[in-house]
Amino acid sequence: MGFAYDDSNIFAKILRGEIPNDTVAENDQALAFRDISPKTPTHVLVIPKGAYVSFDDFSANASDAEIAGFMRLCAQVVASEGVGLEAGKGFRAITNAGEHGVQEVPHFHLHIMGGRMMGPMVSLRD
Ligand code: DGP
């Protein structure tokens, strides 16, 4: 069974231009925009333009071109936000998947977070 994608999710609406976003960068395969409630000074979400639910869906089912485009856009964002290891002090990239991952929006996205010291890698909820 494949991954069931619900195209009424908020990031699908952003991709269709139905709701606005604060775009950081874009290419043919992916879009990067600022998180609506940033947890760190840099908090950018990178999403594929294709309909993928989660990291496991995207990494298994996206084409090589989609994966390359997505990853190259991530690199561009890290550099332009000044958080990369060449010019900055580092960052954290997080993706949440499904119930245990506490994923809120069911369209694959990578959080690129930086601009301050991070805390523990995870905070567990019982
Ligand atoms: P996750 O738990 O990984 O699915 O995180 C979803 C993130 O999406 C969360 O940090 C808040 C952000 N978010 C939710 N709705 C919107 C929106 O309409 N616009 C933007 N820019 N971000 C949103």
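Just so you know, residue 1 is the first one in the sequence shown, and it goes up from there. Heavy atoms only: backbone and side chains are in, while hydrogens, waters and symmetry mates are out. Order of appearance sets the numbers: ligands from 1, and atoms from 1 within every ligand.
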Item to complete: Return a yes/no value for His111: is any of its N or O atoms, backbone included, closer than 3.5 angstrom to an N or O of ligand 1?
Response: yes
Response to the item:
Taken to the nearest 0.5 Å, the spacing of Gln76 CD from Glu81 CD works out to 11.0 Å
Discussion item. For the 3.5 Å polar cut-off, considering only N or O atoms, please tell me whether Phe33 and ligand 1 meet it.
Written reply: no
Discussion item. Keeping Arg92 on the side-chain end and Gly119 on the backbone end, is there a donor-acceptor pair under 3.5 Å?
Written reply: yes
Item to complete: Answer yes or no: does an N/O atom from Leu45 fall short of 3.5 Å to an N/O atom of ligand 1?
Response: no
Worksheet item: Do ligand 1 and Phe11 have nitrogen or oxygen atoms that lie under 3.5 Å from each other?
Response: no
Worksheet entry | ligand 1 to His109 polar contact by distance, N or O atoms, under 3.5 Å | yes
Response to the item:
One finds that the ligand 1 atoms under 4.0 Å from a non-hydrogen atom of Asn96 are 1 (P), 2 (O), 3 (O)
Discussion item. Is there a path of hydrophobic side-chain contacts, each under 4.5 Å between heavy atoms of I/L/V/M/F/W/Y residues, joining Phe58 to Leu31?
Written reply: no
Response to the item:
If you scan protein heavy atoms around atom 4 (O) of ligand 1, the nearest is Glu104 N, 2.7 Å
Worksheet item: Looking only at protein heavy atoms, which one is nearest to atom 16 (C) of ligand 1, and how far off is it?
Response: Ile36 CG2, 3.7 Å
Worksheet item: Would you find a donor on one side and an acceptor on the other, under 3.5 Å apart, between the side chain of Lys49 and the backbone of Glu66?
Response: no
Worksheet entry | Spacing of Ile94 atom CD1 and Leu45 atom CG [to the nearest 0.5 Å] | 11.0 Å
Response to the item:
shortest atom 21 (N) of ligand 1-to-protein heavy-atom contact is with Arg34 O, 2.9 Å
Worksheet entry | Under 3.5 Å donor-acceptor, His109 side chain and Asn96 backbone | no
Worksheet item: Hey, does His43 come in under 3.5 Å of ligand 1, counting only N/O atoms on both sides?
Response: no
Worksheet item: Which ligand 1 atoms does Val102 reach within 4.0 Å, using its non-hydrogen atoms?
Response: 2 (O)
Worksheet item: So among Phe70, Phe3, Tyr5, which one has a ring-ring contact (aromatic ring centres under 6.0 Å, His included) with Phe108?
Response: Phe70
Practice prompt. Would you check if the side chain of Asp22 reaches a backbone N or O of Arg34 as a donor-acceptor pair within less than 3.5 Å?
Written response: no
Item to complete: Would you mind checking which non-hydrogen protein atom is closest to atom 9 (C) of ligand 1, with the distance to 0.1 Å?
Response: Asp35 OD2, 3.3 Å
Worksheet item: Of the backbone atoms (N, CA, C, O) and the side-chain heavy atoms from C-beta on, which set of Ile10 has a member under 4.0 Å from an atom of ligand 1: side chain, backbone, both, or neither?
Response: side chain
Item to complete: State whether the side chain of Gln103 and the backbone N or O of Val53 hold a donor-acceptor pair below 3.5 Å, judged by distance alone.
Response: yes
Practice prompt. Answer side chain, backbone, both or neither: which part of Lys39 comes under 4.0 Å from ligand 1, heavy atoms only.
Written response: neither
